[in-house]
Amino acid sequence: QVQLVESGGGLVQAGGSLRLSCAASGRTFSSYSMGWFRQVPGKEREFVTAISRSGGTTYYTDSVKGRFTISRDNAQNTVYLQMNSLKPEDAAAYYCAASSGRTIVNRFSVDYWGKGTLVTVSS
């Protein structure tokens, strides 16, 4: 079992930046594909980005391409989400996710979830 703990959320003005972190427990972090999702009240949990086990391959939903960057440090059991040029529509609870299988492509491929960290963007 893997435990995921997110941090780094907060309030930021539109156009600003935040970096989210997700710290994972265990000794086999490098065996998991990782990702980030976001969710606002009344809507489905949305795929944002994912990264392969080695960190060599990344995927992004179209709405964040060019603005968000996912990365991982397997030696530190941590995955990051750098968010630049934030827009009000980016405001959401952001969730870290892990999969023991192939690279995450949607919420149904996720095996483990963090509790989330809230990002608020003012216009």
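Basis for what follows: all heavy atoms, side chains included, without hydrogens, waters or symmetry-related copies.
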List the steps and the verdict of side-chain contact (heavy atoms from CB on, under 4.5 Å) for Trp36 and Leu20. CA-CA 10 Å; Trp36 290 92; Leu20 307 183; 3.7 Å; yes
Against Phe37, only a single residue in Phe108, Tyr95, Phe47 fulfils ring-ring contact (aromatic ring centres under 6.0 Å, His included); can you say which? Phe47
Quick one: are Leu18 and Val119 in side-chain contact, heavy atoms under 4.5 Å? yes
Same hydrophobic cluster for Tyr112 and Ile70, using side-chain heavy-atom links shorter than 4.5 Å among ILVMFWY? yes
Flag yes if Tyr32 and Leu81 sit in one hydrophobic cluster, no otherwise; membership is Ile, Leu, Val, Met, Phe, Trp, Tyr, and two members link when side-chain heavy atoms are under 4.5 Å apart. yes
Any idea which heavy atoms bring Ser30 and Asn74 closest together, and the distance? CB-ND2, 3.6 Å
Keeping Thr61 on the side-chain end and Val48 on the backbone end, is there a donor-acceptor pair under 3.5 Å? no
The test is side-chain contact (heavy atoms from CB on, under 4.5 Å); show your working for Thr57 and Ile51 and say whether it passes. CA-CA 6 Å; Thr57 306; Ile51 190 167; over 6 Å; no
Closest heavy-atom pair, Gly101 versus Ser33, reported as atoms and distance to 0.1 Å, is O-OG, 3.4 Å
Can you check side-chain contact (heavy atoms from CB on, under 4.5 Å) on Val64 and Arg38, steps first, answer last? CA-CA 12 Å; Val64 308; Arg38 64 189 182 188; 3.9 Å; yes
Exercise: do Asn84 and Gln82 side chains pair donor with acceptor under 3.5 Å: yes
Spell out, as yes or no, whether a donor-acceptor pair under 3.5 Å connects the side chain of Ser109 to the backbone of Arg107. no
First locate atom OG1 of Thr49, then atom CE of Met83, and finally report the distance between them rounded to the nearest 0.5 Å. 11.5 Å
Hydrophobic cluster identity match, Val110 and Met34, side-chain contacts under 4.5 Å: no
From Asp111 CG over to Ser99 OG, what is the distance, rounded to the nearest 0.5 angstrom? 4.5 Å
Contacts of Tyr94 that satisfy ring-ring contact (aromatic ring centres under 6.0 Å, His included) - sequence neighbours left out: none
Donor-acceptor contacts, no H, no angles, side chain residues 2-9, under 3.5 Å, sequence neighbours left out:
| residue | atom | partner | partner atom | Å |
| --- | --- | --- | --- | --- |
| Glu6 | OE1 | Lys115 | N | 3.1 |
| Glu6 | OE1 | Gly116 | N | 2.9 |
| Glu6 | OE2 | Cys96 | N | 2.8 |
| Glu6 | OE2 | Gly116 | N | 3.1 |

Taking a hydrophobic cluster as the set of Ile, Leu, Val, Met, Phe, Trp and Tyr residues connected by side-chain heavy atoms closer than 4.5 Å, whether directly or through intermediates, do Trp113 and Phe29 fall within one such cluster? no
Would you please test Glu46 and Ser63 for side-chain contact (heavy atoms from CB on, under 4.5 Å) and show each step? CA-CA 11 Å; Glu46 175 193 19; Ser63 63; 4.2 Å; yes
Residues pairing under salt bridge (charged side-chain N to carboxylate O under 4.0 Å, His left out) where one sits in residues 66-88, two or more places apart or in two chains, turn out to be Arg67-Asp90
Is there a donor-acceptor pair closer than 3.5 Å between any side-chain N or O of Arg53 and the backbone N or O of Ser31? yes
Looking at Ala50, is its backbone amide N or carbonyl O close enough to the side chain of Tyr60 to form a donor-acceptor pair, meaning the two atoms are under 3.5 Å apart? no
Membership question, hydrophobic clusters at under 4.5 Å side-chain separation (ILVMFWY): are Leu86 and Tyr80 in the same one? no
What heavy-atom pair brings Ser85 and Ser17 nearest, and what distance separates the two atoms? N-OG, 4.2 Å
Does Asn77 reach the main-chain N or O of Cys22 with its side chain, forming a donor-acceptor pair under 3.5 Å? no
